[in-house]
Trainee: 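Okay, handing you the structure first.
First listed ligand is number 1; within each ligand, the first listed atom is number 1. It should be emphasised that the depicted structure is a prediction, and the values quoted were computed from it without experimental measurement.
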Amino acid sequence: MQSNNRGVLIVISGPSGAGKGTICKALLEKHKNIYISVSATTRSPRNGEVDGVNYYFLSKEVFKEKVEKNGFLEYANVHGNFYGTPKVNVEKMLEEGKDVILEIDIQGALQVKENFSEGVFIFILPPSMEELKQRIIKRGSETEESLMTRFKNAYKEINYVSKYNYAVVNDTLDLAVSKVESIIAAEKCRVDRIKENTILDSKEGLIHEQLYD
Ligand code: ADP
Ligand code: 5GP
């Protein structure tokens with residue numbers, strides 16, 4: 001059983017261009033209690049991306065060393081590059097009561113699910129495949145080849161939505177953000193999460209008797 005104030009682990013996945021990063025950024029700006037894990041990757045930084053902020057940009061050799069030292073909570077090859085969630089911080093932040101978001105791909109999410117069954121798994125969908133393509137093009141981050149890889153992979157990735165607890169269509173950004181906020185708020189009210197909270201755990205409490213006796 002988890003402790004009273006333990007944070008919620010939230011895993012967010014979805015095809016490239018669906019708006020995961022944009023949604024996470026908005027959540028971070030609005031909620032002080034959220035910690036977004038910074039992943040490591042072997043892909044090159046995009047214009048404006050900062051090492052240690054957007055990602056830890058590692059060479060393949062250093063990434064491999066970290067894998068061998070068991071330094072990742074999960075890792076995967078995504079669109080031809082390696083990505084991984086560093087172990088340090090995630091457990092510490094959860095213990096400190098922070099809600100931790102992992103913005104990772106499906107392969108990684110399935111690995112996390114094995115070790116954190118209490119995690120909340122959210123899949124972000126684009127309103128349409130055409131809109132998805134336009135968003136990746138508009139972002140201007142990909143070469144023609146990388147765009148096609150990501151777009152092709154999107155068709156496969158969307159089939160995995162059933163492995164997740166929630167699906168959120170990112171049509172209007174504000175609405176998508178508020179849906180994710182609602183999911184997190186609802187998860188925090190789940191009885192199996194708050195069972196050990198003071199009032200519910202009080203042996204004399206009426207609420208305790210009603211729930212457990
Ligand atoms: P992901 O992290 O899923 O790859 P991004 O957050 O980088 O996707 O979003 C891809 C592009 O789509 C960005 O240029 C972003 O500004 C834009 N975008 C995100 N959400 C919306 C939305 N609801 N409506 C229109 N454009 C959006
Ligand atoms: P991008 O290159 O667009 O930043 O990310 C490409 C894909 O890698 C996205 O689907 C993103 O969710 C995923 N990703 C980012 N960090 C991680 C990670 O630490 N682990 C895994 N498995 N996937 C990640």
Trainee: Where do S13 and A109 come nearest, in terms of heavy atoms and distance?
Mentor: OG-CB, 3.8 Å
Trainee: Just which atoms of ligand 1 are under 4.0 Å from any heavy atom in N170?
Mentor: 19 (C), 20 (N), 21 (C), 22 (C), 23 (N)
Trainee: Does any donor atom in the side chain of N77 or Y83 lie under 3.5 Å from an acceptor atom in the other side chain?
Mentor: no
Trainee: Do any nitrogen or oxygen atoms of E74 come within less than 3.5 Å of a nitrogen or oxygen of ligand 2?
Mentor: yes
Trainee: Which protein non-hydrogen atom lies closest to atom 8 (O) of ligand 1, naming both residue and atom, and how far is it?
Mentor: G19 N, 3.2 Å
Trainee: Does any N/O atom on D105 come nearer than 3.5 Å to any N/O atom on ligand 2?
Mentor: yes
Trainee: For atom 2 (O) of ligand 1, what is the nearest protein heavy atom, given as residue, atom name and distance?
Mentor: G21 N, 2.9 Å
Trainee: For ligand 2, which atoms, with element, lie under 4.0 Å from some heavy atom of G108?
Mentor: 22 (N)
Trainee: Which atoms of ligand 2 sit under 4.0 Å from any heavy atom of A76?
Mentor: 22 (N)
Trainee: Does Y55 OH have over 12 foreign heavy atoms under 6.0 Å away?
Mentor: yes
Trainee: Within a distance under 4.0 Å of any heavy atom of L173, pick out the atoms of ligand 1 and give their elements.
Mentor: 23 (N)
Trainee: Kindly confirm or rule out a cation-pi arrangement of K98 over Y35, judged by NZ or CZ under 6.0 Å from the six-membered ring centre and within 45° of its axis?
Mentor: no
Trainee: Are R190 and E187 within salt-bridge range, i.e. N to O under 4.0 Å?
Mentor: yes
Trainee: So is R43 polar-close to ligand 2, meaning N/O to N/O under 3.5 Å?
Mentor: yes
Trainee: Taking only heavy atoms of D171 into account, list the atoms of ligand 1 that are under 4.0 Å away from them.
Mentor: 22 (C), 23 (N), 24 (N)
Trainee: Could you check atom 17 (C) of ligand 1 against the protein and tell me its nearest heavy-atom contact, residue, atom and distance included?
Mentor: R135 CD, 4.2 Å
Trainee: Does NZ or CZ of K87 come closer than 6.0 Å to the centre of the six-membered ring of F72, within 45° of the ring's axis?
Mentor: no
Trainee: With distance as the sole test, does T42 use its side chain to make a donor-acceptor pair with the main-chain N or O of S59 at under 3.5 Å?
Mentor: no
Trainee: May I ask whether F72 places a heavy atom under 4.0 Å from ligand 2?
Mentor: no
Trainee: Which atoms of ligand 2 are found less than 4.0 Å from any heavy atom of T85?
Mentor: 19 (O)
Trainee: Which word best sums up how the rings of Y75 and F63 line up, parallel for under 30°, tilted for 30 to 60°, or perpendicular for over 60°?
Mentor: perpendicular
Trainee: When you measure from the heavy atoms of R150 to every atom of ligand 2, does any distance fall below 4.0 Å?
Mentor: yes
Trainee: Ignoring hydrogens, just give me the one of N77, I104, L110 whose non-hydrogen atom is nearest atom 18 (C) of ligand 2.
Mentor: I104
Trainee: Is there a polar contact, in the sense of an N or O pair closer than 3.5 Å, between G84 and ligand 2?
Mentor: yes
Trainee: Answer with yes or no whether G17 contacts ligand 1, where contact means a heavy atom under 4.0 Å from a ligand atom.
Mentor: yes
Trainee: Assess whether a salt bridge exists between E131 and R135, defined as any Lys/Arg side-chain N lying under 4.0 Å from an Asp/Glu carboxylate O.
Mentor: yes
Trainee: Pair L125, N170 - check side chain to side chain contact (heavy atoms under 4.5 Å, CB included), show working.
Mentor: CA-CA 6 Å; L125 287 161; N170 177 21; over 6 Å; no
Trainee: Distance to 0.1 Å, residue and atom name: give those for the protein heavy atom nearest to atom 19 (O) of ligand 2.
Mentor: S39 OG, 2.6 Å
Trainee: Under 4.0 Å between a Lys/Arg side-chain N and an Asp/Glu carboxylate O for E49 and R43?
Mentor: yes
Trainee: Assess whether a salt bridge exists between R193 and E118, defined as any Lys/Arg side-chain N lying under 4.0 Å from an Asp/Glu carboxylate O.
Mentor: no
Trainee: Is a donor on one side and an acceptor on the other found under 3.5 Å between the side chain of D99 and the backbone of I34?
Mentor: no
Trainee: So, regarding S16 and ligand 2 (criterion: nitrogen or oxygen to nitrogen or oxygen, under 3.5 Å), is there a contact or not?
Mentor: no
Trainee: Within ligand 2, which atoms have a heavy atom of E103 less than 4.0 Å away?
Mentor: 11 (C), 12 (O), 14 (N), 15 (C), 16 (N), 17 (C)
Trainee: Just to verify, which of D105, N153, T149 counts as forming a side chain to side chain donor-acceptor pair (under 3.5 Å) with H79?
Mentor: N153
Trainee: Between V78 and ligand 2, which part of the residue brings a heavy atom under 4.0 Å of the ligand: side chain, backbone, both or neither?
Mentor: side chain
Trainee: Using distance alone, decide if ligand 1 has a nitrogen or oxygen within less than 3.5 Å of any nitrogen or oxygen in T172.
Mentor: no
Trainee: Among protein heavy atoms, which sits nearest to atom 6 (O) of ligand 1, and what does the distance come to when rounded to 0.1 Å?
Mentor: T22 OG1, 2.5 Å
Trainee: For the side chain of S146 and the backbone of E142, is there at least one donor-acceptor N/O pair under 3.5 Å apart?
Mentor: no
Trainee: I need the atoms of ligand 1 closer than 4.0 Å to a non-hydrogen atom of P15, numbered in the order shown.
Mentor: 3 (O)
Trainee: Record the part of R46 in heavy-atom contact with ligand 2 below 4.0 Å; permitted values are side chain, backbone, both and neither.
Mentor: side chain
Trainee: Which heavy atom of the protein is the closest neighbour of atom 7 (O) of ligand 1, given with residue, atom name and distance?
Mentor: R139 NH1, 2.8 Å
Trainee: Side chain, backbone, both or neither: which part of Q107 comes within less than 4.0 Å of ligand 2 when only heavy atoms are counted?
Mentor: neither
Trainee: Any non-hydrogen atom of A176 lying under 4.0 Å from ligand 1?
Mentor: no
Trainee: Does the pair E96/R6 count as a salt bridge with the N-to-O cut at 4.0 Å?
Mentor: no
